[in-house]
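Protein chains get the first letters and strands the later ones, always in sequence-line order, with residue 1 at the start of each.
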Number of protein chains: 2
Amino acid sequence: MALKHTILAFLSRQPLSGYDVAKEFAEGFGSCFWKASQQQVYAELTKLEQQGKVTYEAIPQPGRLDKKIYSITEQGQQELLDWLTKPCEPSAIREDLGVMGLAGHLVSSEVVIREIERRRQLHLEMVQQVKNLDEHFAKHLDSLELKDLYMHLIIRRGIRYQEEWVAWCDEALGAIAQAVKQ
Amino acid sequence: MALKHTILAFLSRQPLSGYDVAKEFAEGFGSCFWKASQQQVYAELTKLEQQGKVTYEAIPQPGRLDKKIYSITEQGQQELLDWLTKPCEPSAIREDLGVMGLAGHLVSSEVVIREIERRRQLHLEMVQQVKNLDEHFAKHLDSLELKDLYMHLIIRRGIRYQEEWVAWCDEALGAIAQAVKQ
DNA sequence: TTCTTGTATTCAAAAACTTGAATACAAAAA
DNA sequence: TTTTTGTATTCAAGTTTTTGAATACAAGAA
C-alpha cells in the first residue's frame with residue numbers, strides 16, 4: 001500500500017494541509033501516478049498522526065474547524081526511507097477496456113471503434129496535461145538537481161504512458177478498419 | 001468495477017469452473033490486464049449466480065466438493081452487452097515506484113538505480129511472457145476473425161505497455177547516470 | 001444579489017480487495 | 001515412499017477504496 005508512503009513523501013517535501021495533499025493527488029502527481037479521494041487522504045493523515053509519523057499544527061480559523069498543517073516526523077521519515085529502500089513490485093494494469101478484448105465481438109465494430117476513438121482523445125488530452133506539469137523541469141533539463149530530476153523522470157513516465165495509449169489506439173483503429181473492410 | 005464483467009466476458013467465450021476463471025486471471029488475460037485472486041473469483045461467481053447472471057452445472061467429484069461449471073445466462077449476456085456499450089474511463093496508474101519521483105533524493109542514487117534496473121529486468125521478462133500469449137494470433141494476423149483480432153489487440157496493449165516500461169527505464173537510467181557523473 | 005467555485009474538514013456505509021488458512025484428492029517428481 | 005505440484009472449493013478477518021453526504025465561510029462571477 002503506497003498511499004501512506006505517497007503522503008509521507010509529499011510531506012517530506014513540505015508541510016501541507018489535508019486539503020493540499022488531496023489536491024496533489026487530484027491535480028499534480030496524482031493526475032499522472034496515483035489518485036486518492038479527499039476522504040482517503042484525511043483518514044490516512046489521522047492514522048499517520050496517531051502512529052506518530054506526522055504531526056500537525058492547528059491553525060484556528062474563525063467560525064470553522066481548525067486548519068491542520070501536517071509535517072513529517074523523524075519516525076515518519078524513517079518509515080519512508082525504509083520503504084524506499086525495499087524493492088517494489090509492478091502493479092497490474094486493471095483497465096476496463098481490456099474486457100473489449102474478451103468480448104468485443106458481442107457488440108458491433110462501430111461500438112468498439114467509437115470507444116477506442118474516445119480513449120484516443122482522452123489520452124491525447126492527458127498528454128498535454130501531464131506535459132504541463134513537466135514544463136518547468138523540461139526547460140532547465142541540464143541544470144536539474146537530483147530531486148527535480150527524479151520528479152521530471154516520473155512525470156516523463158506519465159507522459160510516455162499517455163502517449164503510448166494514443167499510439168496503441170492508432171494501431172488498433174488501423175487494424176480494425178482493415179479487418180472490417182475485408 | 002470490471003471484475004464482474006471480466007468474468008462474464010470469460011464465460012461468454014466458454015463455460016468454465018471457478019478454478020479455470022481464476023487461472024485465466026493469474027496466467028492468461030490477467031497476466032497482462034487484470035489480476036484477481038481465487039477467493040475474489042469464487043465470491044464473485046457466487047454473487048453472479050444469486051443474481052441469475054450465471055448458472056452452474058454441478059459435477060460430482062467422488063470424496064470431495066462438487067466441481068461447478070459456470071455458464072453465462074441470457075440475463076448475464078445482456079448485462080455484459082449493456083456494459084460494453086457504455087463508455088469506460090481510463091484508470092489511474094497507481095505505481096509504487098512513483099513515490100521515488102517525490103522522495104527518491106532521500107536515498108542514495110544507487111538505491112534508485114538498482115530499483116529501476118530491477119524493474120527493467122522484470123518488465124523485460126513480462127514482454128516475453130505476454131508475447132507468448134500472442135504467439136498464435138501473431139502468426140495468422142491476416143486471417144484473424146474479429147473475435148481473435150480484438151484479443152490480439154488487447155494483448156498487443158499488454159506487450160506495448162511492458163515494452164514502454166523498459167524504454168522508460170533506459171531513459172531514466174541514462175539521465176540519472178549523466179546527472180550523477182557531473 | 002444570488003450562484004458558483006474554492007478552501008477546509010469530517011462522518012458513515014458499502015463495495016472491493018488482500019491475506020491467510022483449511023480441506024481433499026490425484027499425479028508426478030524426488 | 002515422501003514430497004511437491006496441480007486441481008478444486010470455501011471461510012474469515014482485515015484493509016483499502018468508493019460513494020455519498022454534511023458543514024461552513026470567502027471570493028468572484030452572473
Atom CG of B/L45 and atom C1' of D/dA8 are separated, to the nearest Å, by 13 Å
Whole Å only: how far is the CH2 atom of B/W34 from the C1' atom of C/dT18?
15 Å
Among C/dT9, D/dT17, C/dT18, the nucleotide that comes nearest once only the side chain of A/R94 is considered:
C/dT18
Please give, in whole Å, the distance from D/dT7 C1' to B/Q38 CD?
9 Å
Hey, does the side chain of B/Y42 come within less than 4.0 Å of D/dT10's phosphate (OP1/OP2), counting only N and O?
no
Any base atoms under 4.0 Å from B/K4, or only sugar-phosphate, or nothing? Heavy atoms, all strands.
nothing
Could you check which of D/dT17, D/dA8, C/dC17 has an atom nearest any side-chain atom of B/D20?
D/dA8
What is the distance, to the nearest angstrom, from the CZ atom on B/F25 to the C1' atom on C/dA16?
13 Å
Nearest-nucleotide check on DNA chain D, B/I69 vs A/S37; residue mapping nearer the 5' end is B/I69
Students often get this wrong, so: under 4.0 angstrom with heavy atoms, is B/K35 touching a base, only sugar-phosphate, or nothing?
nothing
Treating A/Q75 as the side-chain partner and A/Q51 as the backbone partner, does any N or O pair qualify as donor plus acceptor under 3.5 Å?
yes
Can you measure B/L3 atom CG to C/dC17 atom C1' for me and round it to whole angstrom units?
9 Å
Nearest-angstrom distance from the residue atom CD of B/E44 to P of C/dA15:
12 Å
Whole angstrom value for the distance that separates C1' of D/dT18 from CG of A/D96
14 Å
Could you state whether B/M151 and A/I113 fall into the same hydrophobic cluster, counting links through intermediate Ile, Leu, Val, Met, Phe, Trp or Tyr residues with side-chain heavy atoms under 4.5 angstrom apart?
yes
Out of C/dT10, D/dC11, C/dT18, which has the shortest distance to the side chain of B/Q39?
D/dC11
Thinking salt bridges, do B/R120 and B/E125 make one under a 4.0 Å N-O criterion?
no
So which nucleotide from C/dT18, D/dT7, C/dT9 ends up closest to the side chain of B/Y19?
D/dT7
Of the listed nucleotides D/dT10, D/dT18, C/dC17, the one nearest the side chain of A/Q40:
D/dT18
Tell me the interatomic distance from A/Y56, atom OH, to C/dA8, atom P, rounded to whole angstroms.
16 Å
Are A/R118 and A/E115 close enough for a salt bridge, meaning some N to O gap below 4.0 Å?
yes
is_close_aromatic(A/Y19, A/Y42), centroid dist under 6.0 Å:
no
Just checking B/K23: base, sugar-phosphate only, or nothing, at a heavy-atom cut-off of under 4.0 Å?
sugar-phosphate
